[in-house]
Number of protein chains: 4
Amino acid sequence: MESPSRAHRRRKEARPAELIAAALKLFVEHGFAATRLDDVASAAGVTKGTLYLYFDSKETLFRAVIEQNILPLIARAEDSVAHHDGTAAELLRGLLLDWWSLVGETEAGGVLKLMVTEARNFPDVAVYYNEAVVERAKRLVSQVLDLGIARGEFRRVDHEMAFHAIFSPAMMLIIWRYSIGACCGQNIDPAHFMDFSFDLTLNGLKT
Amino acid sequence: MESPSRAHRRRKEARPAELIAAALKLFVEHGFAATRLDDVASAAGVTKGTLYLYFDSKETLFRAVIEQNILPLIARAEDSVAHHDGTAAELLRGLLLDWWSLVGETEAGGVLKLMVTEARNFPDVAVYYNEAVVERAKRLVSQVLDLGIARGEFRRVDHEMAFHAIFSPAMMLIIWRYSIGACCGQNIDPAHFMDFSFDLTLNGLKT
Amino acid sequence: MESPSRAHRRRKEARPAELIAAALKLFVEHGFAATRLDDVASAAGVTKGTLYLYFDSKETLFRAVIEQNILPLIARAEDSVAHHDGTAAELLRGLLLDWWSLVGETEAGGVLKLMVTEARNFPDVAVYYNEAVVERAKRLVSQVLDLGIARGEFRRVDHEMAFHAIFSPAMMLIIWRYSIGACCGQNIDPAHFMDFSFDLTLNGLKT
Amino acid sequence: MESPSRAHRRRKEARPAELIAAALKLFVEHGFAATRLDDVASAAGVTKGTLYLYFDSKETLFRAVIEQNILPLIARAEDSVAHHDGTAAELLRGLLLDWWSLVGETEAGGVLKLMVTEARNFPDVAVYYNEAVVERAKRLVSQVLDLGIARGEFRRVDHEMAFHAIFSPAMMLIIWRYSIGACCGQNIDPAHFMDFSFDLTLNGLKT
DNA sequence: GATGAATGAGGTTTCATTCAT
DNA sequence: AATGAATGAAACCTCATTCAT
């Protein structure tokens, strides 16, 4: 049993995270402009006024939503490569599957869809997202490709092209799930699809 | 030189198309909710009131935007397969490149991005889009895969999976271009990328 | 057979009257503010633009509607008394029945309801109506009452009170018919009611 | 002195009534369509936005105005007959004077004028009003007439006709006061007129 | 810290009015 | 004389933001 003030404090500290989680869900579902702060607040179990205790404005909340969901992603992504070994092909597969479990199976997937939706309305956030997430992933892939080529596993391919080719199926899967797929119940089995498409791609990469 | 009433009439007939074009551009850029009708109207060279001569409401305009940009797509898509021959691989490449020139290089690309953005806000439109565009494309691909398998060109693959794997790069390319790509100038050469990713995929399909 | 230009001219001369008739009907039904000029015009078989050839503004049309429907009323009302003879009671009954056939059974009834509805929005028109119609009727009644009292038929009554008492049933009948009665199908037989209520009143007036 | 939250709460509870009162005044004066919500709000000492905290739309406000002003009327009307005794004539006079003090001398009079004005635009409200107010009054009158006839006080008259004849002067008085009368200062003394017209009518009813 | 009543700027929508044809 | 496309002011309505309690 804890003192009431402790429970209170814990509550208070949890508030921003609860609000961000509620906001992410609704922003992903309806878009930034079409989401009412009233709905965000009540989804987090508080009232609109409370929201303003923690965020200066709707836009501030949006930025917090992106940032809070990207930061842990970055933290865990970097050591993904370091912790793998084996062939370049195995490394690449590990990289993609890690990315999937980090992005495809968490809230970070929603963030991807949200960025696609709102990029033009918040170009600076888009640039940040691109550098913090996309370019970082690209660099990881590039390293693995270099390794694979050096080891004679892979053909000499354009790294940029290869990166997009490798990640497109996973990204499409995410975006689809949060948009048209959510309305049509056409749900693909992710694990199966990830295997399938990676095999296709890998085949193409091999010497 | 034409009679004045003709010019008048012509103007009136052109208006809806002009408004739809302006609306598409802005809806794709900012999303439905964040787009002001004032801006749509002035982008079409008229005032807000005029817009209401042709569309009952903002939502009606949205539906018209989708429909008007999909109808010609459907019309031209169907005979795409019929007009090709050669190996199944050539047929498939032709199909994808046709789709690209129909969707990737026209306004229909914007519609795809718009549907991804607004699907959850207009689920019935999303269902319509899925059936009119996606499922139709899926059926075409399926036919070609059947042919390729029958001819011994392709492995026996899950058609659903293969469809998504084949189209993901192209779809991703489009969505990227209208969102994050528009903010970061990271523009991939489409023709090159289409070739690259299709080769990868085709490699994986072959027996 | 007449020349086309003649027919045209006739048409042209009829226009204002047709527009006024259409406007009266709709103003009475929905009120001035809730009536769209578009509807007035199309009820008269023309377009909105045409309306402005004959009337400067919506308000001008309103004033014309009142005036055009009152003028003939006044013209015919005045000689109503002159053309009657017999007892004061017979004269009074004649007056009321004449008023009924002039107002209750023509468009002028609608004007009464319209004036009740719009008086506060057009006070000057209300004043005009009161003087041109109500006060005029009051004076006629007053003359007959004087006659009746002089001849010993009627009690010495307050003319103002008597006037309102005599006309209230007829006015109520009209107003009811154009408002709540039109929605509830509770229609009273006018002729019967006029007889009934006048007999009641006359009984009360008699010595 | 009360706690702040109480005052707050009290304020909130008073708001709808204040808005309804302001709306009634303006609707009666200008009609529904010609009344701006801006004006209603500022007449109630708040801004437009506040109005929407309590009413969904202008139409909802209209319906609330009617309902809130009719409900107390009905509550108090029914026991009017029960609490009277004496001759049928005295009962009838009591009924009419009670109605006058309930309708003629309160906001309910404005509602009558408003219903006359807006019946055709809100037919369902008109039907409700007719049944809740008019038909109810008619039934009361009918009972008294039956009594009077049974006791040999009254002639055998058509109840429907008699009802309208009895109430017309009072209704006309109300409608007049809120319309043309408000513009012409021709104000009749209500008490005097009620006596006068009722005497006339009663005379006519007697055997 | 939390509330929720209140605000007012800004959006959608309507419609009286104009004017080129 | 008549049209009807176009306008823009003004209405209804929404919702991010504020603030007294």
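Reminder, nothing fancy here: chain letters follow the sequence lines and each chain counts from 1. None of these values were measured; they are calculated from a predicted model. The analysis underlying the following values was restricted to heavy atoms, covering all of them including side chains, and did not include hydrogens, waters or symmetry mates.
Distance alone, capped at 3.5 Å, is enough to place a donor-acceptor pair between the C:S57 side chain and the C:T60 backbone. In terms of modelled atom types and a separation under 3.5 Å, the side chain of C:E118 and the main chain of C:F32 share a donor-acceptor contact.
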- Task: Tell me, with the steps shown, if C:R63 and C:E59 meet salt bridge (Lys or Arg N to Asp or Glu O under 4.0 Å).
- Result: CA-CA 6 Å; C:R63 291 171 189 276; C:E59 184 171 332; 2.8 Å; yes

- Task: Go through the steps to decide whether C:R36 and C:D39 satisfy the test side chain to side chain contact (heavy atoms under 4.5 Å, CB included), and finish with yes or no.
- Result: CA-CA 5 Å; C:R36 277 162 301 201; C:D39 292 341; 3.1 Å; yes

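Between D:Y178 and C:V116, every side-chain heavy-atom pair lies at or beyond the 4.5 Å cut-off.
The side-chain contact (heavy atoms from CB on, under 4.5 Å) test applied to C:A17 returns no partner, not counting sequence neighbours.
Pairs of residues two or more places apart, or lying in two chains, never qualify as ring pair (Phe, Tyr, Trp, His ring centres under 6.0 Å) while including a residue from residues 33-54 of chain B.
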Which pairs would a plain distance check flag for residues 22-30 of chain A, meaning a side-chain donor or acceptor within less than 3.5 Å of a matching protein atom at least two apart in sequence or in another chain?
none

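Side chain of B:S57, nearest nucleotide from E:dT3, F:dA2, E:dT13: E:dT13. Listed candidates were E:dT13, F:dA1, E:dG1. Nearest to the side chain of C:Y54 is F:dA1. Closest to the side chain of A:R36, from the set F:dC13, F:dA16, E:dA16, is F:dA16.
Nucleic acid contact class of C:L53 (heavy atoms, under 4.0 Å, all strands): base. Here A:T60 lies out of heavy-atom contact (under 4.0 Å) with every strand.
Base pairing in DNA chain E yields stems of at least 3 consecutive Watson-Crick or G-U pairs, both distances under 3.5 Å, namely E:2-21 with F:2-21.
Few gaps surround CD on B:E18; more than 12 heavy atoms of other groups in view lie less than 6.0 Å from it.
Near-neighbour residues of DNA chain F inside residues 39-52 of chain D, defined by a heavy atom below 4.0 Å, number-ordered: D:K48, D:Y52. Residues from residues 19-34 of chain C placing a heavy atom under 4.0 Å of any atom in DNA chain F do not occur.
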